Amino acid sequence: MTVDAVVAGAGVWGCTVARRLAESGRRVLVLERRHAVGGNVRCETDAETGIEVHTYGSHIFHTHIPEVWEFVNRFVKFNGYQHKVLARYRGKTYFLPLGLALIEKFFGVELKPCEADAFLRDEARSKAVFDAFFRGYTSKQWGRPPEEIDPSIIKRVPVRTSYDVNYFNDYNQGIPLSGYNSLFERLLDHPGIEVRCNAAVRLEGGAFWVGGDALPCVPVYYSGPVDELFGYRFGHLPWRTLRFETERLDVRDYQGTSVVNYTEAEVPYTRIHEFKHYHPEDAAVMNAPKTVIMREYPAAWKPGDEPYYPIDTTESRALLARYMEEAAKLPGLVVGGRLGGYKYYDIDKSVEAALSLRLLGQ
Ligand code: UDP
């Protein structure tokens, strides 16, 4: 087919951009370097149990943005799963986020909502809570003490004076009933879209290439790592990476919930995911005599490792700005997404960015 636009990278941002382009009448070629689309939201179904395993760690869709919720609901229906996270600390289990349930259990007290603020204003108490639930976890997650990371990262975890133990504040939450992969397959299921996997895009001599083929001279919406696109000419943007250990166990239910955080520094992993709990509507999966769990180990990133979390520092922002300046010099190139934009995105924010993008030629 003749092509009006190329989308390089078929994750959340790329698939949403491709859909918008196709719905505006353009013919779109989507190129994905991995063997399958979906980016880090990609899942694999465990053949023995039918459990949907989140290959790159748990992804829960949650949003308060009406346009994003409406958009994704055109393609999949959600199961209404509401995310709750437990924390293990010194042999006890607590409900996150920081709210009455956690405070009462941790300090062995009973509080009214109106008393919680004053109770935690006490410096020794707030330090005890921070050290138990945030210091160790954050040091493992980021490889540096909490004082050295941007405070906005820890503020992702809500603080409440109620018994609400929902991990997110967003009313709209869930997991696609038909599985995450179906969201990407349906986004790309349009007569104006052609998808090619195992196709990495590179920039050479001012032109874009896939293998030995030059891409047509059309807009390229690129969501791979932006430093890689420019041959790392100013240096590597720093990331944290993750290592996962997945196990199928002969028990119906291992931990009673989808995610348990291990907040002590001495435990080498940050959390254990148990994927069957993401589909409480699926009785066959829930009652299967086996379960699949995954331990998550954060690690220092080096070139060649999978990039998961961008490390936001003054230096990394300056480096990103230099790469974005280079990108702006190439007419027809639009860089975005988690990898392209070097962003710590939740799924909905990536969809929102793609929906609000000004398409070239409009
Ligand atoms: N965090 C923590 N203890 C926890 C959960 C989170 O210290 O039990 C901190 C940690 O620094 C983490 C950040 O809060 O990187 C954001 O947590 P979130 O659960 O949003 O991380 P994500 O699921 O995106 O990895």
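Order of listing sets the numbers, starting from 1, for every ligand and every atom in it. In this text, all values refer to a predicted model and were calculated from it rather than measured experimentally.
Between R338 and Y345 there is a side-chain heavy-atom pair separated by less than 4.5 Å.
Inclusion of Q141 in the set of residues having an N or O under 3.5 Å from an N or O of ligand 1 is not warranted. Checked against a 3.5 angstrom limit, the closest N/O atoms of F133 and ligand 1 fall inside it. Between Y137 and ligand 1, not a single N/O pair is under 3.5 Å apart. Taking only nitrogen or oxygen atoms, main chain and side chain alike, I149 does not reach within less than 3.5 Å of ligand 1. Considering backbone and side-chain N/O of R271, one or more are found under 3.5 Å from N/O of ligand 1. An N or O contact shorter than 3.5 Å links Y309 to ligand 1 by distance.
The cationic atom of R19 (NZ for Lys, CZ for Arg) does not lie both less than 6.0 Å from the six-membered ring centre of F75 and within 45° of the ring axis. At least one test fails for R186 against the ring of Y180: distance under 6.0 Å to the centre or angle within 45° of the axis. The side-chain tip of R271 does not point at the ring of Y262 from less than 6.0 angstrom away and within 45° of straight on.
When only modelled atom types and interatomic distance are considered, R27 and T2 share a side-chain donor-acceptor pair under 3.5 Å.
Taking 4.0 Å as the cut-off between side-chain N and carboxylate O, E274 and K276 do not count as a salt-bridged pair. Classification of E48 and R248 as a salt-bridged pair holds, one side-chain N sitting under 4.0 Å from a carboxylate O.
From the protein, the heavy atom lying nearest to atom 21 (O) of ligand 1 is Y344 OH, 3.2 Å. For atom 20 (O) of ligand 1, the nearest non-hydrogen atom of the protein is R156 NE, 2.8 Å. The protein non-hydrogen atom at the shortest distance from atom 10 (C) of ligand 1 is T138 OG1, 3.4 Å.
Close contacts between ligand 1 and T263 involve ligand atoms 8 (O) [criterion: under 4.0 Å to a heavy atom]. Short contacts between ligand 1 and I154, defined as distances under 4.0 Å to a heavy atom of the residue, involve ligand atoms 11 (O), 14 (O). Atoms of ligand 1 lying under 4.0 Å from at least one heavy atom of W142, given by number and element, are 11 (O), 15 (O). Atom numbering of ligand 1 starts at 1 in the shown order; those under 4.0 Å from a heavy atom of L96 are 8 (O). Near Y167, meaning under 4.0 Å from any of its heavy atoms, are these atoms of ligand 1: 5 (C), 6 (C), 17 (O), 18 (P), 19 (O). Numbered from 1 in the order shown, with element, the atoms of ligand 1 that lie under 4.0 Å from a heavy atom of I153 read 13 (C), 14 (O), 15 (O), 16 (C).
Looking at V157, V259, V260, N261, it is V157 that brings a heavy atom closest to atom 14 (O) of ligand 1.
Atoms CG and CG, from L29 and D4 in turn, are 11.0 Å apart once rounded to the nearest 0.5 Å.
No more than 12 heavy-atom neighbours from other residues, nucleotides or ligands sit within 6.0 angstrom of CD on E123.
Taking the six-membered ring where the residue is Trp, the centroids of Y278 and H54 are separated by under 6.0 Å.
Taking both residues in full, the closest heavy atoms of I175 and E52 are given as CG2-OE1, 3.9 Å, listed atom of the first, atom of the second, then distance.
Ligand 1 has no atom lying under 4.0 Å from any heavy atom of R135.
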